[in-house]
Every structure is written in structure tokens, then in C-alpha cells.
Asker: 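Pasting a structure below so you can have a look.
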Amino acid sequence: MPHDTLALAKTLIGLVLVRDARAGLCAGKIVEVEAYVGNDPASHAYRGQTSRNRSMFLEPFRAYVYRIYGTSFCFNVTAQSEGEGEAVLVRALEPLEGLPLMMERRGTQRMRDLCRGPGRLCQALSIDSNDDGQDLIGSADLYLADARFASPLIRKSKRIGITKAAHRHLRFYERGNPFVSGPKHLNP
DNA sequence: TAGGCGATGCTCT
DNA sequence: GAGCATCGCCTAG
């Protein structure tokens with residue numbers, strides 16, 4: 001798995017994020033991510049390390065989980081090397097395993113709404129601040145797996161929901177996948 | 001089905 | 001006190 005943030009972002013598309021909790025196993029294929037790189041005003045790491053973004057500066061393949069808008073969590077995979085503060089935000093999953101559990105956590109029966117959006121996928125997989133800093137390779141309850149799907153057709157676009165450096169094309173998604181989030185004009 | 005908008009609470013300045 | 005890597009509800013078509 002590459003350490004370089006952009007290469008990692010593309011590699012993550014098609015991998016499976018697995019949550020093996022006491023309540024049951026849930027898993028989904030990653031279909032949409034955004035890269036947050038060095039010297040990027042939109043990145044939480046841009047103004048240096050704080051208590052909030054501490055785990056973003058850990059070694060690669062750790063979880064960086066934070067609360068956004070008071071209501072939701074966002075899940076990132078750290079990249080580059082320790083101290084750099086680069087990461088890839090996972091924005092959407094295609095649900096594969098544990099659908100009934102995800103539906104229960106999300107309070108909806110609609111497949112498409114289970115993991116479509118960063119806050120939603122965290123709720124569906126029960127990812128919260130307890131998972132911040134988690135090792136995503138060695139861990140047994142939250143980890144990345146290679147399911148060997150056919151190589152997805154990856155496209156890129158502007159990132160979603162940010163105001164700073166919004167023009168940079170650092171969002172990557174699987175073309176044509178209905179579980180990708182965001183407005184239609186960003187998903188050609 | 002798509003788009004607009006208000007609620008939400010934490011973090012940083 | 002302002003801003004925010006969002007969500008769900010509501011309305012229009």
C-alpha cells in the first residue's frame with residue numbers, strides 16, 4: 001500500500017473497510033475519497049498540530065476520526081510519514097456485509113443512504129472518537145481489506161463542502177457507482 | 001428525485 | 001463568537 005497521499009487515495013478506492021464489533025460484522029467497499037495534503041489550506045493539519053488533529057500526524061494507515069458540525073463524525077486514513085499531517089477522507093462506501101445492522105444504526109431501510117456521505121458511513125459502521133488513532137492494518141475490529149474486485153474506473157473532481165482551496169481536484173470516486181455522494185455535476 | 005436551508009456543538013481565534 | 005471535510009427535512013417539479 002502506498003504512503004504517498006494521492007497514490008493512497010486512488011488505492012483506497014475498491015478496498016473494503018471492515019468493522020468487526022460485538023454487535024456484528026459490517027463491511028463496505030470504498031467508492032469515494034478526498035485527499036488532504038501538505039500546504040493545503042483546507043486541511044486540518046494546515047495550521048499545525050493541535051489536540052484535535054493529533055492523530056492526523058501519526059504514521060500511515062492510522063484512523064483520524066473527528067466530529068463535524070456537532071452531529072457527525074468523519075473518518076480519515078493517515079498517509080505520508082509520521083509528523084507530516086496528511087490524510088485521506090473516506091466519503092462513501094458501497095454496503096457489502098451486515099446490512100441489517102447498518103440499517104438499524106442508521107434508522108433507515110434505504111440501501112443508498114446507509115454509507116453515502118462521511119457522517120453516514122461512520123454512523124453505519126459505528127465509528128466514533130473511540131476509533132481515533134486506530135491502526136487500520138493490524139487491528140481486529142476496524143481494518144482495511146483487499147477484496148480483489150475488478151479494477152474500478154477512477155475519476156477525480158473538486159472536493160465537496162469546503163471553501164478553502166476548493167478548486168483543487170483532490171476528490172477521487174468510482175465512476176458510475178450509485179453509492180458515491182455529492183451533487184450530480186461532480187459525478188460525471 | 002433534486003435542490004435549498006436550518007440545526008447542531010465543538011474547536012480555534 | 002465565528003466557522004465548519006454534514007445531515008435530514010421540506011418543497012417544487
Asker: Tell me, which of residues 170-188 of chain A have any heavy atom that sits under 4.0 Å from an atom in DNA chain B?
Answerer: Lys184(A)
Asker: Taking Ser126(A)'s backbone N and O only, do any of them form a donor-acceptor pair with Arg19(A)'s side chain (distance below 3.5 Å, no angle check)?
Answerer: yes
Asker: Return yes if some donor-acceptor pair links the side-chain N/O of Arg106(A) with the main-chain N/O of Leu114(A) below 3.5 Å, else return no.
Answerer: yes
Asker: For a quick check, with a 4.0 angstrom heavy-atom cut-off, what is the B/S/- contact string for nucleotides 1-13 of chain C, read 5' to 3'?
Answerer: ---BBBSS-----
Asker: Can you tell which of Val16(A), Leu17(A), Val18(A) makes a side chain to side chain contact (heavy atoms under 4.5 Å, CB included) with Tyr143(A)?
Answerer: Val18(A)
Asker: For a quick test of reading the model, state the closest non-hydrogen atom pair linking Lys164(A) to Arg47(A) and the distance between them.
Answerer: NZ-NH1, 4.3 Å
Asker: Any side-chain to backbone donor/acceptor pair from Asn53(A) onto Gly48(A)? Under 3.5 Å, distance only.
Answerer: yes
Asker: Without swapping roles, check the side chain of Arg91(A) against the backbone of Ser181(A) for a donor-acceptor pair under 3.5 Å.
Answerer: no
Asker: For residues Met1(A) and Ile154(A): do they belong to one hydrophobic cluster (side chain heavy atoms under 4.5 Å, members Ile, Leu, Val, Met, Phe, Trp, Tyr)?
Answerer: yes
Asker: Can you measure Arg67(A) atom CZ to dA7(B) atom C1' for me and round it to whole angstrom units?
Answerer: 14 Å
Asker: Which is true for Arg159(A) with a 4.0 Å heavy-atom rule: it touches a base, it touches only sugar-phosphate, or it touches nothing?
Answerer: nothing
Asker: Give a yes or no on whether the backbone of Gly38(A) and the side-chain of Glu86(A) come within a donor-acceptor separation of less than 3.5 Å.
Answerer: yes
Asker: Do Leu89(A) and Arg159(A) have side chains that get closer than 4.5 Å, going by heavy atoms?
Answerer: no
Asker: Is the side chain of Arg116(A) donor-acceptor paired with the backbone N or O of Val180(A) at a distance under 3.5 Å, no angle test?
Answerer: yes
Asker: Can you run down the ring pair (Phe, Tyr, Trp, His ring centres under 6.0 Å) pairs that involve residues 65-101 of chain A, sequence neighbours left out, and say none if there aren't any?
Answerer: His44(A)-Tyr66(A), Tyr64(A)-Tyr66(A)
Asker: Locate the shortest heavy-atom distance separating Arg62(A) from Gly133(A); write the atom from each residue and the value.
Answerer: NH1-O, 2.6 Å
Asker: Identify the pairs formed between an N or O of the protein and an N or O of nucleotides 11-13 of chain B at a distance under 3.5 Å, and give each distance.
Answerer:
from	atom 1	to	atom 2	distance (Å)
dC12(B)	OP1	Thr50(A)	OG1	2.5
dT13(B)	OP1	Arg47(A)	NE	2.9

Asker: I'd like to check the salt bridge (charged side-chain N to carboxylate O under 4.0 Å, His left out) partners of Arg120(A); sequence neighbours left out, ordered by chain and number.
Answerer: none
Asker: Which dot-bracket string describes DNA chain C (Watson-Crick N1-N3 plus N6-O4 or O6-N4, or G-U N1-O2 and O6-N3, all under 3.5 Å; [ ] crossing; | other strand)?
Answerer: ||||.|||||||.
